[in-house]
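Each remark here refers to the structure printed beneath this line.
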Amino acid sequence: MPEGPELHLASLFVNKVCNGLVFTGAVEKSTVSKNTDVPFSCPEYTISALSRGKEVKLILTPVDDGSEGIHIIFRFGMSGCFKFTPEDQIPKHAHLRFYTKDTPQWILCFVDPRRFGTWVVNGSWQPERGPCVMQEYEKFRDNVLNNLSDKAFDKPICEVMLNQKYFNGIGNYLRAEILFRLQIPPFMPARTVLEALKNPNQKPLGLL
DNA sequence: GTAGCATGCCAAC
DNA sequence: TTGGCCTGCTACC
């Protein structure tokens, strides 16, 4: 599931299903998860989401009472996703659970069978990760083209595309699909491929 | 039953 | 650079 586009879709999904809903009580963590507890409990709060590259931010906002909200940064590992289900249908591997106030209760769950996913309470977007390839296109492009002297670009393009400092959101499937569709030999040196994009007359390649 | 594989990091060597 | 973290699924014996 999770490369940049899926993380972005996850944020849209959260915003869609949580729109207009009020959540209540504590955020529950599964006993098996090694991730941190989420020390947040509130009689009434709302949930919204943002995404950036391969991260999603959940924002928990108390209704009315003026208390402090929190946010949680998620990385999905190999199998993370959000699901929204009735109380009697909580899926297996639901490691973090947010309960609606309405009855019947519905639960927003962070589901992650392999448990490679992580979350950080009140964390920031990982500072080493570059701009989002989808939502910060110009910044992403500039970050690559203005730093081609970085030794990171000594490597083949297929390796560099997994470097989240420059390609935040690209994963194994996407790099393969992109290089195939653009007919770029995967082991061509990255700098050779990317230098060409500095020329404004260069026929644009799909990625940049 | 078992081997092999899976969209990602992350820390120890 | 390598191994570790995990579960679930499929192909094969």
Side-chain angles (χ1 to χ4, degrees), chain A residues 1-15 28-38 49-58 71-85 89-97 107-137 140 143-144 147 150-187 189-190 193 205-208:
Chain A
M1 209 331 222
E3 294 185 26
E6 286 82 16
L7 281 273
H8 183 61
L9 287 173
S11 74
L12 297 183
F13 171 76
V14 168
N15 287 329
E28 286 186 358
K29 181 170 77 84
S30 73
T31 51
V32 68
S33 172
K34 293 175 182 170
N35 278 302
T36 175
D37 286 325
V38 178
L50 298 170
S51 76
R52 179 178 186 264
K54 254 181 261 182
E55 297 181 304
V56 166
K57 180 191 288 190
L58 274 200
H71 65 264
I72 310 169
I73 300 277
F74 288 84
R75 288 180 288 280
F76 281 12
M78 294 281 273
S79 61
C81 65
F82 281 104
K83 291 185 179 174
F84 190 62
T85 70
Q89 291 173 42
I90 296 178
K92 205 173 172 182
H93 309 299
H95 298 300
L96 213 52
R97 302 184 291 269
I107 296 100
L108 180 70
C109 303
F110 177 66
V111 180
D112 183 15
R114 298 184 70 182
R115 276 183 268 150
F116 292 174
T118 58
W119 62 78
V120 181
V121 176
N122 286 334
S124 51
W125 301 119
Q126 263 190 331
E128 318 84 63
R129 307 183 79 100
C132 178
V133 297
M134 299 177 56
Q135 295 185 283
E136 302 176 283
Y137 176 80
F140 150 65
N143 187 44
V144 170
N147 289 289
D150 189 328
K151 60 177 169 42
F153 294 99
D154 294 351
K155 295 179 178 177
I157 186 66
C158 66
E159 285 186 43
V160 176
M161 287 178 74
L162 296 179
N163 183 341
Q164 302 298 297
K165 181 176 174 183
Y166 294 108
F167 295 88
N168 185 9
I170 302 299
N172 187 37
Y173 277 1
L174 275 176
R175 69 156 173 184
E177 196 65 31
I178 289 164
L179 292 173
F180 171 72
R181 293 193 190 192
L182 297 179
Q183 292 294 292
I184 296 170
F187 292 95
V193 177
L205 298 174
L207 181 62
L208 295 172

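Lettering follows sequence order; numbering is per chain, from 1. Note: hydrogens, waters and symmetry copies are ignored here, and every other heavy atom, side chains too, is used.
- Spacing of C1' atoms, B:dC9 relative to C:dC9, comes out at 22 Å, to the nearest Å.
- A centroid separation of less than 6.0 Å is found between the aromatic rings of A:Phe110 and A:Phe76.
- Between A:Phe84 and A:Phe13, the distance from one ring center to the other does not fall under 6.0 angstrom.
- Taking atom P on both C:dC13 and B:dC5, the two are 15 Å apart, rounded to the nearest angstrom.
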(request) Could you walk me through whether A:Ile170 and A:Ile178 pass the side-chain contact (heavy atoms from CB on, under 4.5 Å) test, one step at a time? (result) CA-CA 10 Å; A:Ile170 302 299; A:Ile178 289 164; 4.0 Å; yes
Atom pairs, protein N/O to nucleotides 8-10 of chain B N/O, distance under 3.5 Å:
from, atom 1, to, atom 2, distance (Å)
B:dG8, OP1, A:Lys54, NZ, 2.9
B:dG8, OP2, A:Asn172, N, 3.3
B:dC9, OP1, A:Arg129, NH1, 3.0
B:dC9, OP1, A:Arg129, NH2, 3.2
B:dC9, OP2, A:Lys54, NZ, 2.6
B:dC10, OP2, A:Gln126, NE2, 3.3

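- Protein atom CG of A:Asp112 is 13 Å distant from nucleotide atom C1' of B:dT7, rounded to whole Å.
- Among pairs with a residue in residues 110-127 of chain A, none fulfils salt bridge (charged side-chain N to carboxylate O under 4.0 Å, His left out), at least two apart in sequence or across chains.
- Computed from coordinates, the A:His93 NE2 to C:dT7 P distance equals 7 Å when rounded to whole Å.
- Between A:Phe74 and A:Trp119, the ring-plane angle classifies as tilted under the 30° and 60° cut-offs.
- The distance between atom CD1 of A:Ile178 and atom C1' of B:dT7, rounded to the nearest whole Å, is 12 Å.
- Side chains of A:His95 and A:Ser30: a donor on one and an acceptor on the other come within 3.5 Å.
- One P atom belongs to B:dC13, the other to C:dC5, and the distance between them is 13 Å to the nearest Å.
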